[in-house]
Amino acid sequence: MGLQGFLFVSAILFGIGMFGFLARRNAILMLISIELMLNAVNLSLVAFNAYDYYAPDDTGAIFALLVMAVAAAEATVGLALVIAIIRTRQTPEVDEYSDLKE
Amino acid sequence: MVTLRNIIHSAIAMMVCFGSLAGMYALLGAPIVAAAQVLIYLGAISVLILFAIMLTQAGDANLPSPFHRQAALAALAALVVVGLIGWAVTQTDWGNVTVIIAVGLATLSRALFTDYALPFEILSLLLLAAIIGAIYLARRPEDDERAN
């Protein structure tokens, strides 16, 4: 498959995540889309690390692990925020959160 | 998976996607990252998201449309980004490197605890802050009154 194949997969995954984040109305699905985009970046990091013949160190893999930990923290806080806002507004649809507009 | 109407189906599709990504990490010679992917994403984040969905879903909220009005614009923006990245990937000369450099557990651990020790420690602090923040945010306000 080669480096380019992995990068294409990563780009497509990022595009799907971006579309989901911008187009969906459900707050939880927006968080899922963010995870998808982070995974896409992780995939490209690991792919670049695997095919970097001239500087064979593990920087890409370490960065992927760090990104995973940050993604876990982000998912925790994001889901807590979403649960709190759903508890007060009784709906997960983000376009119903229009208090500041009115 | 981002077009499915039922959000639980989306979450299960996301788990499938994370699992196949773990397989790709293993293909790329990074079994550590694959194991971390399975543990963190399949084990922790997926369960967290499924929990959040089941806590918040009031019955089956089958709405007329799961998309915003700007869905077409969003699709266009995503396609433009994918096209730009794809164009950059095809236009760049990557050399003819076909050998996959495997990540060794020993070298990775040594690098993580020597060169990257500071980011590692900062990360543990970040996770602590995230835990405290999540507990504070997700707590019901009336629990305070009952505790007092």
Side-chain angles (χ1 to χ4, degrees), chain A residues 2-4 6-9 11-20 22-26 28-29 31-33 35-36 39 42-43 46-47 49-53 56-59 61-62 64-66 68-77 79-84 86-87 90 92-93 95, chain B residues 1-2 7 10-11 14 17-18 21 24-25 28-30 32-33 36-37 40-41 44-45 48-49 52-53 55-56 61 63 66-68 70-71 74-75 77-79 81-82 85-86 89-90 94 97-101 103-104 107-108 111-112 116 119 123 126-127 130-131 133-134 137-138 140:
Chain A
L3 176 60
Q4 294 195 6
F6 284 105
L7 290 181
F8 278 131
V9 172
I12 291 166
L13 209 56
F14 191 90
I16 293 172
M18 190 174 162
F19 171 72
L22 292 175
R24 286 296 292 244
R25 295 168 63 223
N26 193 306
I28 295 176
L29 211 126
L31 278 176
I32 292 179
S33 303
E35 297 298 328
L36 214 59
N39 264 293
N42 254 356
L43 178 63
V46 176
N49 184 56
Y51 286 99
D52 188 8
Y53 184 71
D57 57 1
D58 301 333
T59 312
I62 287 173
L65 291 175
L66 297 182
M68 272 182 200
V70 174
E74 173 263 327
T76 322
V77 178
L79 283 172
L81 278 171
V82 167
I83 287 177
I86 287 173
R87 196 178 288 141
Q90 308 296 336
E93 311 294 325
D95 47 4
Chain B
M1 61 167 277
V2 292
I7 190 170
S10 301
M14 175 198 71
C17 172
F18 287 167
L21 271 168
M24 290 174 88
Y25 293 147
L28 282 166
I32 320 295
V33 184
Q37 170 89 5
I40 296 177
Y41 276 105
I45 293 182
L48 203 64
I49 285 174
I53 291 171
L55 276 175
T56 55
L63 290 143
F67 293 115
H68 272 305
Q70 76 254 25
L79 275 177
V81 168
V82 172
I85 299 175
V89 168
T90 46
W94 298 107
V97 182
T98 51
V99 188
I100 287 182
I101 315 293
V103 175
T107 52
L108 186 137
L112 193 60
Y116 296 95
L123 209 59
L126 173 76
L127 284 171
I131 292 169
L137 285 171
R140 288 173 193 276

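All values derive from a computational prediction rather than experimental measurement.
- Ranking B/Thr90, B/Ile7, B/Leu127, B/Ile131 against chain A, the residue ahead of the rest is B/Ile7, based on heavy-atom pairs under 4.5 Å.
- Heavy atoms closer than 4.5 Å to chain B are found in the side chain of A/Leu13, but not in its backbone.
- Heavy atoms closer than 4.5 Å to chain B are found in the side chain of A/Ala64, but not in its backbone.
- Taking B/Ile85, B/Val89, B/Ile32 one by one and counting their heavy-atom pairs under 4.5 Å with chain A, the maximum is reached by B/Val89.
- Taking CD1 of A/Ile32 as the reference point, atom CD1 of B/Ile49 lies at 5.0 Å (rounded to 0.5 Å).
- Using a 4.5 Å cut-off on side-chain heavy atoms (C-beta onward), B/Leu79 and A/Phe19 make no contact.
- Highest contact tally toward chain B, considering only A/Ala80, A/Ala11, A/Ala23, A/Gly20, is held by A/Ala23 [criterion: heavy-atom pairs under 4.5 Å].
- The side-chain contact (heavy atoms from CB on, under 4.5 Å) check on A/Ala72 picks up B/Ile40, B/Ile45, with sequence neighbours excluded.
- Using a 4.5 Å cut-off between heavy atoms, B/Ala30 touches chain A through its side chain atoms alone.
- One distance of note links CG of A/Asn42 with OH of B/Tyr41; it measures 5.5 Å at 0.5 Å rounding.
- The OH atom of B/Tyr25 sits 12.0 Å away from atom CG of A/Asn49, with the distance rounded to the nearest 0.5 Å.
- Nearest approach of A/Met18 to B/Ala78, heavy atoms of both residues: SD-CA, 4.2 Å.
- Between B/Ile53 atom CD1 and A/Leu31 atom CG the span is 10.0 Å, to the nearest 0.5 Å.
- Contact of A/Leu43 with chain B is made through backbone and side chain together, with heavy-atom distances under 4.5 Å.
- The side-chain contact (heavy atoms from CB on, under 4.5 Å) test applied to A/Ile12 returns A/Ile16, B/Val82, not counting sequence neighbours.
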> Do B/Leu28 and A/Tyr51 pass the side chain to side chain contact (heavy atoms under 4.5 Å, CB included) test, and can you show the C-alpha distance, the side-chain angles, and the key distance before you say yes or no?
Replying inline: CA-CA 9 Å; B/Leu28 282 166; A/Tyr51 286 99; 3.7 Å; yes

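- In this structure the side chain of A/Val46 never reaches within 4.5 angstrom of the side chain of B/Met24, judged on heavy atoms.
- Ranking B/Ala44, B/Gly133, B/Pro119, B/Ala75 against chain A, the residue ahead of the rest is B/Ala75, based on heavy-atom pairs under 4.5 Å.
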> Where do B/Leu108 and A/Ile62 land on the side chain to side chain contact (heavy atoms under 4.5 Å, CB included) test, with the steps shown first?
Replying inline: CA-CA 7 Å; B/Leu108 186 137; A/Ile62 287 173; 4.1 Å; yes

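- Using a 4.5 Å cut-off between heavy atoms, A/Leu66 contacts chain B through both its backbone and its side chain.
- The shortest non-hydrogen separation linking A/Ala61 to B/Val33 is CB-CG2, 3.8 Å.
- Considering OG1 of A/Thr76 and CG of B/Leu48, their distance stands at 5.5 Å, rounded to 0.5 Å.
- The distance from atom CG of B/Leu21 to atom CG of A/Asn39, rounded to the nearest 0.5 Å, is 5.0 Å.
- The part of B/Leu123 that comes within reach of chain A is its side chain, from C-beta onward, which places non-hydrogen atoms under 4.5 angstrom from that chain.
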